[in-house]
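Single-structure report; data block below.
These figures come from a predicted structure and were not determined experimentally. Letters A, B, ... mirror the listed sequences (proteins, then strands); counts begin at 1.
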Protein chains: 2
Amino acid sequence: MVKRRPVATPTLEEVAALAGVGRGTVSRVINNEAGVKESTRRAVQRAIAELGYVPNLAARSLAGRRADAVALVMTERDWRLFGEPFFSETVRSVGDALTDTSVQLLLTLVRTDAERQRFLEYARGGRVDGVLLMSVRAEDRLPDMLADAGLPTVLLGRRSGDEQVTSVDADNVGGAREAVAHLVRGGRRSIATITGPLDMYVAQCRLRGYRQALADAGLPTDPSWTVEGDFTEASGRRAMTELLDRHPDVDAVLAASDTMAAAALSVLRAAGRRVPDDVAVIGFDDFHLAQHTDPPLTTVRQPLEEIGRTMVRLLLEEMEQPEVAWRHVLLRTRLVVRESA
Amino acid sequence: MVKRRPVATPTLEEVAALAGVGRGTVSRVINNEAGVKESTRRAVQRAIAELGYVPNLAARSLAGRRADAVALVMTERDWRLFGEPFFSETVRSVGDALTDTSVQLLLTLVRTDAERQRFLEYARGGRVDGVLLMSVRAEDRLPDMLADAGLPTVLLGRRSGDEQVTSVDADNVGGAREAVAHLVRGGRRSIATITGPLDMYVAQCRLRGYRQALADAGLPTDPSWTVEGDFTEASGRRAMTELLDRHPDVDAVLAASDTMAAAALSVLRAAGRRVPDDVAVIGFDDFHLAQHTDPPLTTVRQPLEEIGRTMVRLLLEEMEQPEVAWRHVLLRTRLVVRESA
DNA sequence: CTGAAAGCGCTAACAC
DNA sequence: GTGTTAGCGCTTTCAG
C-alpha cells in the first residue's frame, strides 16, 4: 500500500567492507574478471546479494569511459513507418544481434529540432557508445555531427553516392537490375518503371539498376517509360495510369516499393489487363503485397535480418577499435519469383 | 574521407580556465542558473563555443544524481503491436508530452529474460529517472521491482484490480457500460459480448461493464451470451460463429477489440445478417475498423493522446517529489456513434 | 556574485 | 591474488 522511499543504494565500498575485501576485488567480481580466488569471489557475491547491491552506472561510465548502450535513432520519416514490417523487422534484428551482449539498445525518436538537439547532447555527452540511424534524409547532417564527435555511427542506407559515414544497405542497383533481367528473360520488351522520389538515393539506385538491365539487354531506355512516384499507394496509382496512357503496350513494370506495385496492379486490373499474363509487375519487398494482392507478385526482397545484424557488427567493431575511415556494406537482395512471367 | 579520431572532449575545467573563471561559475552558466553577472555569463558562453564543449553526462549524473532520461518499456506483447495505432499513438503522445522538457525519452525492448535483466540493471543503475511501461502481463513483476527500487514507475493499464503501481488507464468498465446502454436505448435486447482473454484485467473490466449495463437495464446476463476471445481476428470469428449458433436471435454484439468487431461483422454478413439493421456491432477503438469495414461501426474510443500525456505528468510529478503511495488515473472513453442503431 | 574544495561511486594502475 | 590509490568531470556547499 505504501510505496517505499527510495532506499539509499549500497555502494561498492559497503560491499567490500561486508565481504572483508578491498574495492578492487569487488569490482573484479562484478565485472567477471578472471584472477579472483573462488572463495573470495563467493564471499563477495554473498555480500552483494545480502545488500542488494546494484552498480551505479554513472560512476562506472565516468571511470570506465563507456556507457554500455547504443542508440537506434528513428527520424520523422521512420516514425510514419512505425508499423511497417521493414521497420519493425529491422529493429527486431538489431535487438536480436545485441541480445547476447551487455549492451542496452535504446530507441530514440528524433522528430523535431528540439528532440534532435537533445539527442545530440545525449549522445555526445557519452550516454551511448554508438549510434545506429535509420533512413536518414539526404540533407540531414545528424550522422556527420555524431561521427565528427567521434561516436561510432552506422547508417541504414546511404544519403548519397558519396556517403561519408559507415553504412549498410541493400544492393538496390543489383536488385533492380536482376529483376529487370528476369523480365527480359521472360520475353518482356516494353518494360516501364515507377521510381521512388528521386531525391532519395535509394530511388536513384533502383532506377539505375533498371537502366543498366535494359542497356545490358540492348533495349532502349526512353524517359517516357519512367515515372516518378514517392513510394505511396496514391503515387503508384497515378504513375501507372500515366504509363498506361503513354504506353498502352507496356508489358512489364518495375515498382520501387511494394505499395506502389500493389497500386499498379490494381490500376492494371481496373483497366482490364491481366497480371501477369498480360503485364508483369515486380516490386521491392512484399509486406503489403502479401496482404493485398492475389496472387502475390514477384518481388525483390531485402535481407532485413542481415541488415540489422550487419549494422550491429560494424558498430561493435568500431566501438572496440575506432576505424580511421568509414565503410559501406552492400547486401545482396533476393528475387522471389511467384509467377511464370 | 578520413574519419577524425575521437577528439579529446574538453572539460568544464578547461572552459573555466579559458574564460578565466572558476568551475562553479561555468557549471552555473551551463545549467542556466540565475545569479551570474551577464558579462561573465557571456564570457563563459564564448569559451564554451570556442572549445566546442559538451557536458559529460556521466559526471553530471554522478554528481547530480539524476539522469535526465526516462524509459518507455515495450514488452513482448507490445512488440507484436508495434504497428498498431494504439501503440504508436501512445508513444507519440508520450514523446510530445516530453518535448518541452530536457528529459530524453528512451524506448527499450524487453522481450527475453536476458533483456529484462539487462534493463533492470540499466534502470536501477540510475540511467533513467523513471519508467513507463506498456501493457504489462498480469504475472510480470517488473513494475514492482522497479517501484521497489525507488524508481518512479507508471503503468499503462493495470495488471489486476489491486494494482500496486501507479497507473493510467481508460475507464473500460464505464466505456463498455455506456456502449451497451446505447444499444439498449436503441431497442436491442439480445446483446452478446465477445471478450478479450479473461486473464487480462482490461478484458475483465470490459466484461464487467457489459454486465453492469445489462443489470442496469433489468436484462438477464446469461453466460451463454458471453464468449471469450483473445483480441485477434481469428478468435473474433470463432466467437461470433459460436454466438450465432447458440443464439440466432442475437441483435447486438459488444466486442472487446476492434479487430474482433471487424471479424464479427464479416461473420454476420456471411451469415446473411444485415449490420446494423439486423445486428448492431460495437468494438473498442476503430483503427482497423476504419480500414476494413464499410460503413465503420460504432466504437468505444480510448483517449490515447490523453493517456500518454497523463502518464508523463504522473511520472514527472513522482520524479520531482516522490509519492508515498501509488495512484491510479482512469480516463473517460468516448462513444463514437456511426450508425442509427 | 564567484572561487575553492569536497565528494558522487567506480575503474584501473600499481604495489604488495 | 588482492588491497590501495589516483583520478573520471561534474554539482554543490561554503566562504568570501
Side-chain angles (χ1 to χ4, degrees), chain A residues 6-45 47-48 51-69 102 121-122 124-127 129 149, chain B residues 6-45 47-48 51-69 102 121-122 124-127 129 149:
Chain A
V7 188
T9 321
T11 70
L12 178 148
E13 179 136 29
E14 304 179 47
V15 173
L18 178 58
V21 301
R23 287 156 44 182
T25 303
V26 177
S27 178
R28 283 168 203 129
V29 170
I30 62 182
N31 289 303
N32 255 315
E33 282 172 34
V36 179
K37 207 199 301 172
E38 194 51 33
S39 60
T40 54
R41 178 184 299 274
R42 205 105 59 178
V44 170
Q45 281 165 337
I48 287 176
L51 262 38
Y53 168 75
V54 180
N56 177 316
L57 264 25
R60 174 175 289 175
S61 282
L62 186 55
R65 55 201 57 205
R66 42 172 243 273
D68 278 321
S102 60
E121 281 167 17
Y122 188 83
R124 303 219 306 157
R127 302 304 282 245
D129 300 316
Chain B
V7 187
T9 321
T11 70
L12 178 148
E13 179 136 30
E14 304 178 46
V15 174
L18 178 59
V21 301
R23 287 151 51 185
T25 304
V26 177
S27 179
R28 283 167 204 130
V29 171
I30 62 182
N31 290 302
N32 254 316
E33 283 171 33
V36 179
K37 206 199 301 173
E38 194 50 33
S39 60
T40 53
R41 179 185 298 275
R42 205 107 59 179
V44 170
Q45 282 166 335
I48 287 177
L51 261 38
Y53 169 74
V54 179
N56 177 316
L57 264 24
R60 173 175 289 176
S61 283
L62 185 56
R65 55 203 56 213
R66 43 172 243 274
D68 278 321
S102 60
E121 281 167 17
Y122 188 83
R124 303 218 308 156
R127 303 303 284 242
D129 300 317

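- Look at CZ on B:Arg60: it is 16 Å from C1' on D:dC8, rounded to the nearest Å.
- Map A:Thr11 and B:Arg28 each onto its nearest nucleotide of DNA chain C; the residue landing nearer the 5' end is B:Arg28.
- Side-chain atoms of B:Leu12 lie closest to D:dT11 of the nucleotides D:dT11, C:dT11, C:dG3.
- For B:Thr40, a side-chain nitrogen or oxygen approaches OP1 or OP2 of C:dT2 to under 4.0 Å.
- Atom CG in B:Leu57 sits about 18 Å away from atom P in D:dC8, given to the nearest Å.
- Contact between the side-chain N/O atoms of B:Asn31 and the OP1/OP2 oxygens of D:dT11 is found at a separation under 4.0 Å.
- Looking at heavy atoms from C-beta onward, B:Thr9 lies out of side-chain contact with B:Asn56 at the 4.5 angstrom threshold.
- Atom CD in B:Glu38 sits about 10 Å away from atom P in C:dT2, given to the nearest Å.
- Atom pair B:Leu62:CG and C:dA6:P shows a separation of 17 Å (rounding to whole Å applied).
- Remark: B:Thr25 is in phosphate contact with C:dG3, judged by side-chain N or O atoms under 4.0 Å from OP1 or OP2.
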Exercise for review: Given side-chain hydrogen bond (donor to acceptor under 3.5 Å, both in side chains), test A:Arg127 with B:Ser61 step by step and report yes or no.
Suggested key: CA-CA 10 Å; A:Arg127 302 304 282 245; B:Ser61 283; 3.0 Å; yes
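- For the pair B:Asn56 CG and C:dC8 C1', the interatomic distance rounds to 13 Å; values are reported in whole Å.
- Side-chain contact between B:Arg28 and B:Thr40: absent, with no pair of heavy atoms (C-beta onward) separated by less than 4.5 Å.
- Counting non-hydrogen atoms under 4.0 angstrom, B:Gly126 reaches nothing in the nucleic acid.
- Residue B:Ser27 places no side-chain N or O under 4.0 Å from the OP1 or OP2 atom of D:dC10.
- If B:Gly64 and B:Ser39 are placed on DNA chain C by their nearest nucleotide, the residue sitting closer to the 5' end is B:Ser39.
- Taking atom CZ of residue A:Arg127 and atom P of nucleotide D:dG9, one finds them 15 Å apart after rounding to whole Å.
- Taking atom CZ on A:Arg124 and atom P on D:dC10, their separation rounds to 13 Å, with Å as the unit.
- To the nearest 0.5 Å, the span separating CG on B:Leu51 from OG1 on B:Thr11 amounts to 8.5 Å.
- The nearest whole Å value for the distance from the CZ atom in A:Arg23 to the P atom in C:dA15 is 18 Å.
- The structure places CG of A:Leu18 at 12.5 Å from CD of A:Glu13, a figure rounded to the nearest 0.5 Å.
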